[in-house]
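In what follows, chains are A, B, ... by sequence order, proteins preceding strands, each numbered from 1.
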Amino acid sequence: MIQPRTLKGFRDHLPAQALARERVLDVARRVYRSYGFAPIDTPALEYLEVLTGKGSEETDKQLYRFTDHGGREVGMRFDLTVPFARFAAQHVNELGLPFKRYHMATVWRGENTQRGRYREFMQCDFDTIGTTSPVADLEMVLVVHDLLAAIGVERFTIRVNNRRVLGGVLGRLGLAAQATGVLRSLDKLGKASPEAVAAELAAQGVAESAAATLLEMAALSGPAEQVLGRLAELVGEEGPGAAGVAALRGIIAGAAAAGVPAGRVVIDPGIARGLDYYTGIVLESFLDDLPSLGSICSGGRYDDLAGLYTKQPLPGVGASLGIDRLLAGLEELGQGGGPETPAQVFLAHFDAAHLADYLRIAAALRRAGLAVEFFPEPKKLGQQLKLASKRGIPAALVIGGDEFAAGTAQLKNMAAETATTVAWHGDEQILLAAVRALLATRG
RNA sequence: GUGGCUGUAGCUCACUCGGUUAGAGCACCGGUUUGUGGUACCGGGGGUAGCGGGUUCGAAUCCCGUCAGCCACCCCA
């Protein structure tokens, strides 16, 4: 016997989880489309050179790679941004700019697993390329907000920063050259103590006063106006830092104008993110009740998406929802419960002699858009109802020989444990109306 | 990838110093005289104790390896 098992970091999805995932995907699709983002898709497999081109050592280590049957060196995509860069370079001329796309697909990373960290998981990306407008930046924040709100996440916070603020402060402190190391250390705040981070900074040759300034900046929190005020002092009157602060001001004002509840979007100067290609706004979002899960939706602005593949500069801004991490978080918070079946109506298979009638009834209900589960065999009624009950199907129709003779049907409200008799006399529209009325009472 | 913790039925767990055919609750399947669910009663299936090896007269219990989950680091969704 072969032991049935799955690879480390790869998971099966039972109906309850798969349905929860599809619900989130449906919401994401709807929200993305509501802003005019268009769907694209790309292959799971790419030429290795396409994926490793900009490759940091880190992504290189995580890449699933192999030689295919034709001797080609190939790799499985580890995010949706790199394939999009290739895609954009290859198709700009057909797309027109600015171009807004969303892409929801599976990616693979051979890294060590943990809660909310898998080797196979889905990302739901959206990007706007071909414009440097702050409106595009703002729109990203709005999409993230609408997305999490529409998914039904009860408590979340979108943390926003701007790389130019970080750059500006580092510049004024004369630390521009060692930005990467400094940012990496600052990023540990929240996990490591300020003292530990200060020590790490000192080890990099950062002066004590400069370190104090950086720590103060990264720890700034509170009302946006207050944080922005202090940041403005730290970055000075002019230069990139001041521009970054102004941009953040615009984001806060724009989010408010668009109706985002105050407090959902906060300025967090400690957000540095993937120190490589982000150049402007950066954002991360967290579940307030489970911050240790990490960011569930992150992104930012980049100067040049596809420089590796084309000479045409393609600036853009985008973010990615980690749907599997989000679902893991919601489940842990007890917000993940849901039905085990999409069926809305259970049609009991009572009397085999009336099979044709059952098929006609099911077809009529399905044509009307209802999800109908017709039991495949004329098993004992009690067992059929037990299954319907366990699955959480809200409505059940029981129609046996007596009912057919009388022109009636028994319609059960499974949750309320009640039943009504519907006189339909062969008219499926009457049955349909009765079922719809029942379903409507439960929202 | 590095370090640590964990691994007994689908799930949550038990098995006192290693000692006979590894148990319970829930879940699942069936029944309670053949047309009605979530309650009750009765019965049933399911575990070579993740897998492999070692120590021992004897291991779920000790040791090693491996696989997997979790935690920290790294990085990130």
Side-chain angles (χ1 to χ4, degrees), chain A residues 1-12 14 16 24 28 56-63 78-81 104-125 144 184 187-188 191-192 196 271-276 278 282-287 292-300 318-329 332 340 346 348-352 354 375 378-405 409-419:
Chain A
M1 291 273 272
I2 297 167
Q3 189 186 358
R5 54 183 186 155
T6 49
L7 285 163
K8 180 185 179 74
F10 289 71
R11 303 164 305 150
D12 286 327
L14 271 60
V24 173
S56 58
E57 280 180 30
E58 199 57 44
T59 57
D60 241 42
K61 275 195 323 204
Q62 300 181 351
L63 194 65
F78 57 89
D79 71 6
L80 299 180
T81 302
M104 309 194 294
T106 306
V107 302
W108 297 268
R109 291 183 196 176
E111 67 175 334
N112 231 335
T113 57
Q114 229 166 88
R115 173 190 59 172
R117 298 180 66 158
Y118 311 104
R119 290 187 167 179
E120 177 182 67
F121 60 97
M122 263 194 133
Q123 291 194 321
C124 306
D125 276 35
V144 172
R184 195 185 297 275
D187 215 31
K188 290 179 182 165
K191 286 193 173 179
I271 300 285
R273 286 204 57 69
L275 317 144
D276 294 348
Y278 288 121
V282 288
L283 73 77
E284 298 190 342
S285 30
F286 298 85
L287 300 178
S292 67
L293 187 66
S295 176
I296 49 173
C297 191
S298 320
S320 178
L321 170 72
I323 184 174
D324 290 293
R325 175 173 291 184
L326 171 64
L327 289 169
E332 183 161 337
E340 288 179 32
F346 182 85
H349 192 158
F350 202 129
D351 183 346
H354 284 283
F375 203 76
K379 214 176 173 184
K380 288 180 68 172
L381 189 56
Q383 289 172 24
Q384 296 190 41
L385 290 172
K386 191 175 172 187
L387 184 72
S389 174
K390 167 182 152 51
R391 292 267 166 80
I393 302 177
L397 277 172
V398 177
I399 314 174
D402 296 350
E403 282 84 357
F404 278 115
Q410 185 189 157
L411 174 60
K412 298 171 87 75
N413 180 329
M414 297 302 282
E417 296 179 53
T418 57

Atom [atom1], compared across [N] and [M]: separation rounded to whole Å:
{"N": "B/A77", "M": "B/G30", "atom1": "P", "value": "48 Å"}
{"N": "B/U12", "M": "B/C17", "atom1": "C1'", "value": "28 Å"}
{"N": "B/A49", "M": "B/G18", "atom1": "C1'", "value": "14 Å"}
{"N": "B/U56", "M": "B/G45", "atom1": "P", "value": "38 Å"}
{"N": "B/U61", "M": "B/C15", "atom1": "C1'", "value": "9 Å"}

Nucleotide [N], atom [atom2] - distance to [atom1] of [X] in whole Å:
{"X": "A/Ile296", "N": "B/A77", "atom1": "CD1", "atom2": "P", "value": "13 Å"}
{"X": "A/Phe350", "N": "B/G35", "atom1": "CZ", "atom2": "P", "value": "7 Å"}
{"X": "A/Lys386", "N": "B/G35", "atom1": "NZ", "atom2": "C1'", "value": "18 Å"}
{"X": "A/Tyr278", "N": "B/C75", "atom1": "OH", "atom2": "C1'", "value": "14 Å"}
{"X": "A/Leu293", "N": "B/A77", "atom1": "CG", "atom2": "P", "value": "13 Å"}
{"X": "A/Trp108", "N": "B/A77", "atom1": "CH2", "atom2": "P", "value": "17 Å"}
{"X": "A/Leu411", "N": "B/G37", "atom1": "CG", "atom2": "C1'", "value": "15 Å"}
{"X": "A/Leu283", "N": "B/C76", "atom1": "CG", "atom2": "P", "value": "15 Å"}

Applying side chain to side chain donor-acceptor pair (under 3.5 Å) to A/Ser292 and not counting sequence neighbours gives A/Arg115
Considering residues at least two apart in sequence or located in another chain, which fulfil the side chain to side chain donor-acceptor pair (under 3.5 Å) criterion with A/Lys8?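 A/Lys8: side chain to side chain donor-acceptor pair (under 3.5 Å) contacts with A/Asn112.
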By salt bridge (charged side-chain N to carboxylate O under 4.0 Å, His left out) - contacts of A/Asp324 (at least two apart):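 Applying salt bridge (charged side-chain N to carboxylate O under 4.0 Å, His left out) to A/Asp324 gives A/Arg11, A/Arg21.
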Using a heavy-atom cut-off of under 4.0 Å over every strand shown, decide if A/Met414 touches base, sugar-phosphate, or nothing.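 Base, at least one base heavy atom under 4.0 Å.
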Using a heavy-atom cut-off of under 4.0 Å over every strand shown, decide if A/Ala415 touches base, sugar-phosphate, or nothing.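 Base, at least one base heavy atom under 4.0 Å.
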With a 4.5 Å heavy-atom cut-off, do [X] and [Y] have their side chains touching?
{"X": "A/Arg391", "Y": "A/Leu387", "result": "yes"}
{"X": "A/Met414", "Y": "A/Ile393", "result": "no"}
{"X": "A/Met104", "Y": "A/Ile323", "result": "no"}
{"X": "A/Phe375", "Y": "A/Phe350", "result": "no"}
{"X": "A/Glu340", "Y": "A/Lys390", "result": "yes"}
{"X": "A/Phe346", "Y": "A/Gln384", "result": "yes"}
{"X": "A/Leu326", "Y": "A/Leu287", "result": "yes"}

Classify the side chain of A/Glu403 versus the base of B/G35 as yes if they form a donor-acceptor pair under 3.5 Å and no if they do not. yes
Is there a donor and acceptor pair, one atom on the side chain of A/Lys412 and one on the base of B/U36, closer than 3.5 Å? yes
Footprint string (nucleotides 5-12 of chain B, 5' to 3'): B base within contact, S backbone only, - free, heavy atoms under 4.0 Å: --------
One character per nucleotide, please: for nucleotides 64-72 of chain B, 5' to 3', B when the base has a protein heavy atom closer than 4.0 Å, S when only the sugar-phosphate does, - otherwise. ---SSSSBB
Write out the stems for RNA chain B, ordered by first number and formatted as range with range, counting runs of at least 3 consecutive Watson-Crick or G-U wobble pairs under 3.5 Å.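 Ordered by first number, the stems with RNA chain B (at least 3 consecutive pairs each) read B:1-7 with B:67-73, B:10-13 with B:23-26, B:28-32 with B:40-44, B:50-54 with B:62-66.
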Side-chain N,O (A/Gln383) to OP1/OP2 (B/G30) below 4.0 Å: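 So the side-chain polar atoms of A/Gln383 do come within 4.0 Å of the phosphate oxygens OP1 or OP2 of B/G30, strictly under.
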N or O in side chain of A/Lys379 less than 4.0 angstrom from B/G30 OP1/OP2: yes
Rounded distance (nearest 0.5 Å) linking atom [atom1] of [X] with atom [atom2] of [Y]:
{"X": "A/Ile271", "Y": "A/Glu284", "atom1": "CD1", "atom2": "CD", "value": "4.0 Å"}
{"X": "A/His349", "Y": "A/Ile399", "atom1": "NE2", "atom2": "CD1", "value": "12.0 Å"}
{"X": "A/Phe121", "Y": "A/Asp79", "atom1": "CZ", "atom2": "CG", "value": "8.5 Å"}

Out of B/C28, B/A77, B/U36, which has the shortest distance to the side chain of A/Arg109?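 When the side chain of A/Arg109 is considered, B/A77 is the closest of B/C28, B/A77, B/U36.
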Per A/Glu111 side chain, nearest of listed nucleotides B/G37, B/C28, B/C75: B/C75
On RNA chain B, nearest-nucleotide positions of A/Lys380 versus A/Gln410: which is more 5'?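 Comparing both residues, the 5'-ward one is A/Lys380.
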